[in-house]
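Notes to accompany the following structure.
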Amino acid sequence: MNPLLEVQGLIKYYPVGSRFSAQRRTLRAVDGIDLTVQPGETLGLVGESGCGKSTTVRLIMRLLEPTAGRILFDGQDMSSMSSAQLKVVRRRMQIVFQDPFASLNPRKTAGRIIADPLAIHRIGSAAERRSRVQDLLERVGLDRTHAERYPHEFSGGQRQRISIARALACSPQLIVADEPVSALDVSIQAQVLNLLQELQRDLALTMIFISHDLSVVQYVSDRIAVMYLGKIVELGPSQAIYYHPQHPYTRSLLSAIPLPDPTRREAIPPLESELPSPMNVPSGCRFHPRCPLATERCRHESPELRPVGTTLVACHNV
Amino acid sequence: MSEGSSSAPLLANPSFPSRRPVADTPFTRLARNRLAMFGLVVILLVTLLALLAPVLLITDPNEINTAARLKPPGTPGNLFGTDQLGRDILSRLIWGARVSLLVAVVAATIALTIGTLIGVIAGYFGGLVDNIFMRLIDVLLAFPYVLLAIALVSALGPGLVNAMIAIAIVNISFYARNVRSAVLSIKSMEYIEAARASGASHARIIFLDILPNIIAPILVLVSLNIGWMVTETAGLSFVGLGAQPPTSDWGSMLADGRRFILVAPHAIIMPGIAIVLLVFAFNSLGDGLRDALDPRLRKGGR
Amino acid sequence: MQPEPILRVRGLKTEFQSAAGVVRAVDGLDLDIFPGEIVGVVGESGSGKSAMAFSILRLTPGKIVAGEVQFRGRNLLDLSEAEMERLRGDRIAMIFQDPMTSLNPLMRIGSQIGEALRYHMGLSRRQADGTAVQLLQSVHLPDAERRIHDYPHQLSGGQRQRVVIAMGISCAPDLLIADEPTTALDVTIQAQILNLISETRQRSSAAVLLITHDLGVVAQLCDRVAVMYAGQVVEQGPTTDLFANPQHPYTIGLLRSTPHGRRRGEPLRPIPGQPPRPGDIATGCSFAPRCHLVEERCHHQAPALLQLGGGRQARCLLREESAHESTP
């Protein structure tokens with residue numbers, strides 16, 4: 001089967017500091033990423049702040065211009081597309097954001113927000129759009145009458161449902177969900193996770209799901225890519241990553257999650273030291289300053305992803 | 001209630017009657033603000049008087065009566081007294097209000113239009129465009145405010161229209177900078193990214209997503225700005241670069257009365273009070289609007 | 001023989017004046033904290049958990065309308081503002097969610113820590129500096145001698161939270177109130193800070209009141225848990241018992257909602273509906289509209305906090321059979 005999305009050698013660097021300053025440095029937000037996403041699967045992207053997961057999906061959505069690399073959507077190279085061609089592709093991929101407060105225009109009604117993608121792509125008549133909006137509202141567990149309300153009249157979870165309805169409006173193939181439940185309360189989080197899973201099953205959606213929380217990601221994903229400072233350090237089936245992590249960073253990330261089970265108080269010492277800044281990426285393996293397994297080789301030589309069991313791992317020592 | 005299927009209706013909450021706020025809109029908040037309401041009433045009153053000046057039964061503001069020079073306030077027929085040429089001060093104030101308001105409103109409209117255009121383009125597109133526009137604005141700002149206006153009028157020649165143009169140009173930077181920062185904060189919102197991800201054009205995003213969200217702050221800017229413009233108009237007229245005689249204007253009234261400050265203080269006190277009152281009115285309204293529209297006070301926010 | 005609680009909150013009610021009228025954020029809260037223990041308060045946004053913490057310290061912008069807060073035998077609500085000031089930062093310290101806003105951006109971190117030491121303990125500037133370095137070392141801030149000359153923006157989020165904790169323990173308080181101390185941090189940094197809090201408790205024997213929305217944090221760190229909903233404690237008990245055998249339907253729902261350890265495809269069982277907005281008034285049990293065990297009476301009759309034995313309490317009419325006779 002042909003992949004729906006293929007990312008090759010994706011790089012995004014930002015110059016930092018004034019254009020005229022001698023101290024101009026480079027922030028390496030995404031530093032060489034290869035990914036494929038098969039139709040119908042959910043790929044989880046997990047990592048801490050500054051790992052480049054949000055930048056990666058914004059590059060995929062072409063909300064940012066990549067410094068280098070290719071993005072193929074359904075076999076077509078997006079980087080060489082005209083804006084007209086891009087607009088056509090954008091109907092087929094949609095994004096759901098983290099912040100349910102910032103992701104909806106406060107001056108538009110829920111109905112207008114959801115109908116917006118339809119209006120942009122001139123799909124249907126006004127009446128058809130209205131009925132589509134009502135269907136979508138019901139599909140995401142809201143009420144038809146909610147179309148007339150403004151975002152501030154909804155709770156966080158309901159707003160996230162509106163975001164999802166907007167993303168579904170043009171019947172996309174790919175949904176990118178950027179931390180869609182991180183800002184929600186636990187009880188609401190579960191509602192939205194269930195909804196996303198239901199929708200994916202019923203509409204045969206392909207999904208990229210981003211989160212900092214490995215236990216959420218493993219729950220929704222078929223495969224997981226673990227990112228650290230702009231690179232993928234481990235990539236593989238979700239159960240394999242969750243139950244048998246190979247990369248020392250994945251292991252630390254997992255053991256750092258506080259389990260809601262007081263009988264399993266893990267005594268694993270947490271990672272020492274802070275996350276390095278993406279402006280100042282360590283030499284060699286970028287995880288080596290925090291890595292319990294680091295050797296001399298790790299200081300100089302950057303490891304490539306290579307197969308270990310069912311997963312791909314970028315580490316010299318596993 | 002069945003177990004938590006995500007599509008279960010989320011609204012019905014029988015024992016939590018959703019409490020509708022008594023009415024807490026920007027309008028009700030503004031209406032509760034006494035100072036802002038005072039400002040609004042003053043502005044409306046002055047505007048009404050200015051508009052009705054030609055039909056009001058008042059003396060001709062330019063009618064010279066050398067026999068009745070510098071009469072004190074309260075003189076029958078001259079409620080606010082007369083000036084050094086015996087012209088009726090009340091009548092000149094009312095006609096002068098036309099000048100002040102006209103200049104301020106027209107100049108504000110020009111400055112607002114150009115400034116908003118620059119601010120939106122600079123803020124939305126960023127990068128080089130932003131840099132060029134903002135450096136130009138910086139240059140404009142580097143001149144002392146009043147000096148720049150004076151220099152412009154000197155170059156264009158004195159007169160009301162030129163004063164208006166000068167005041168407009170001087171105030172472009174004010175709008176451009178404020179609109180730009182408002183646009184920047186809106187631009188970083190995820191709903192703008194969502195619109196872009198849906199394939200919306202820049203024009204669509206600017207007109208449907210950005211402008212509606214900055215109208216409230218712009219309204220506040222305009223109200224505060226018109227107050228300053230009233231002062232600036234008066235200032236230019238005071239130094240002889242604005243309204244030319246015999247047009248009655250608050251600034252030139254101050255300038256004329258200045259020579260008689262000891263014998264007839266009312267000749268400058270009356271226009272002085274008029275200026276202060278109108279500027280204060282616009283500023284109170286502006287402050288009130290800002291408080292009323294502040295999203296942090298809005299219900300249902302975070 | 002039960003030791004005396006260091007903090008004993010009874011019937012605390014705090015109200016806020018909003019444009020829509022009076023909102024009761026804390027609605028009759030009872031809570032005990034014993035010396036040296038870590039008590040977790042879990043709840044979702046709007047449950048009143050932060051309002052409660054701020055009320056205990058009398059820092060709430062709202063109005064405390066009823067109740068008492070006994071701290072080492074004194075009712076804090078009766079103290080003068082000056083007495084409260086001497087107590088805050090000295091006997092009771094607080095750690096906030098956002099370390100950036102709880103540090104003064106214009107003050108070097110050494111001086112910020114030193115300020116409390118000089119105010120509460122009367123140390124000289126030099127002594128305070130020395131103590132500040134020791135404190136920063138005790139919270140494992142690398143390079144403490146140099147760091148005391150840094151400004152907050154020169155530190156990372158995790159380092160700033162370490163500084164805030166160092167400030168919190170500077171006067172060896174009897175009670176440390178931590179309001180979502182790790183919510184703004186990355187998971188690996190959160191693990192470090194949680195370890196630090198646990199270590200601090202062991203070393204200083206201060207009691208800790210930890211406010212969080214994260215059941216995992218509670219499970220890993222706390223001796224006892226209080227679950228809050230709509231301004232009230234709905235369930236309370238020792239952490240292990242409460243997680244193993246939750247009594248209140250809300251607690252049960254919360255535990256079922258977490259995706260931790262659940263395999264893909266296995267549906268979660270979330271609590272339906274939305275949490276009540278502050279200001280909504282419930283006639284019966286405030287959880288009734290979302291409860292999976294709801295009965296007719298729940299809509300009319302407000303449940304009391306029942307004693308279930310073993311230090312357990314639950315506010316649910318359905319647990320009345322198993323409740324003990326004892327009075328609270």
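All figures in this text were calculated on a predicted structure; none of them were measured in a lab. Per chain, numbering begins at 1; letters A, B, ... match sequence-line order. Quick note: numbers below take in every heavy atom, side chains included, and nothing from hydrogens, waters or symmetry partners.
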Original post:
Can you tell which of C/C222, C/G157, C/G253 has the highest number of heavy-atom pairs within less than 4.5 Å of chain A?
Top reply: C/C222
**OP:** Check whether any side-chain heavy atom of A/I257 sits under 4.5 Å from a side-chain heavy atom of C/Q190, and report yes or no.
**Re:** no
Subject >> Interface residue of largest heavy-atom contact number with chain A, from C/G43, C/G158, C/S45, under 4.5 Å >> reply: C/S45
**OP:** Search all heavy atoms of A/L259 against all heavy atoms of C/A219 and return the closest pair with its distance.
**Re:** O-CB, 3.3 Å
**OP:** Below 4.5 Å from any heavy atom of chain C, which atoms of A/S221 appear? Answer side chain, backbone, both or neither.
**Re:** backbone
**OP:** Considering non-hydrogen atoms only, spot the tightest contact between A/V216 and C/P259 and give its length.
**Re:** CG2-CG, 3.7 Å
Original post:
Between C/L255, C/L242, C/L221, C/L254, which residue shows the highest count of heavy-atom pairs closer than 4.5 Å to chain A?
Top reply: C/L221
**OP:** Please state whether the side chain, the backbone, both or neither of A/L193 comes within less than 4.5 Å of a heavy atom of chain C.
**Re:** side chain
Subject >> C/E44 side chain to A/S187 side chain, donor-acceptor N/O pair below 3.5 angstrom >> reply: yes
Original post:
What is the distance from atom CG of A/D185 to atom OG of C/S47, rounded to the nearest 0.5 Å?
Top reply: 8.0 Å
Original post:
Non-hydrogen atoms of chain C under 4.5 Å away: do they reach the side chain of A/S49, the backbone, both or neither?
Top reply: both
**OP:** Check each atom of C/V217 against the heavy atoms of chain A and say whether the ones under 4.5 Å are side chain, backbone, both or neither.
**Re:** both
Original post:
Does any N or O in the side chain of C/Q220 come within less than 3.5 Å of the main-chain N or O of A/P262, such that one atom is a donor and the other an acceptor?
Top reply: no
Subject >> Polar side-chain atom of A/Y219 near backbone of C/T258 as donor-acceptor pair, under 3.5 Å >> reply: no
Original post:
What residue in A/L253, A/T263, A/D222, A/L184 has the most heavy-atom pairs under 4.5 Å with chain C?
Top reply: A/D222
Original post:
Looking at C/I189 and A/R290, what are the two nearest heavy atoms and their distance?
Top reply: CD1-NH2, 4.1 Å
**OP:** Could you look at A/R201 and say if it's the side chain, the backbone, both or neither that has a heavy atom under 4.5 Å from chain C?
**Re:** neither
**OP:** Please state whether the side chain, the backbone, both or neither of A/E48 comes within less than 4.5 Å of a heavy atom of chain C.
**Re:** both
Subject >> Any donor-acceptor N/O pair, A/Q189 side chain to C/P270 backbone, under 3.5 Å >> reply: no
Original post:
Is there side-chain contact between C/V218 and A/P260, with heavy atoms separated by less than 4.5 Å?
Top reply: no
Original post:
Should we say atom CD of A/E148 is surrounded by more than 12 heavy atoms from elsewhere, each under 6.0 Å from it?
Top reply: no
**OP:** Under 4.5 Å heavy-atom distance to chain A, tell me which part of C/L185 shows up: side chain, backbone, both or neither.
**Re:** neither
**OP:** Kindly compute the distance separating CG (C/L268) from CG (A/N194), expressed to the nearest 0.5 Å.
**Re:** 5.0 Å
**OP:** For the pair C/Q274 (side chain) and A/G157 (backbone), establish whether a donor and an acceptor sit closer than 3.5 Å, ignoring hydrogens and angles.
**Re:** no
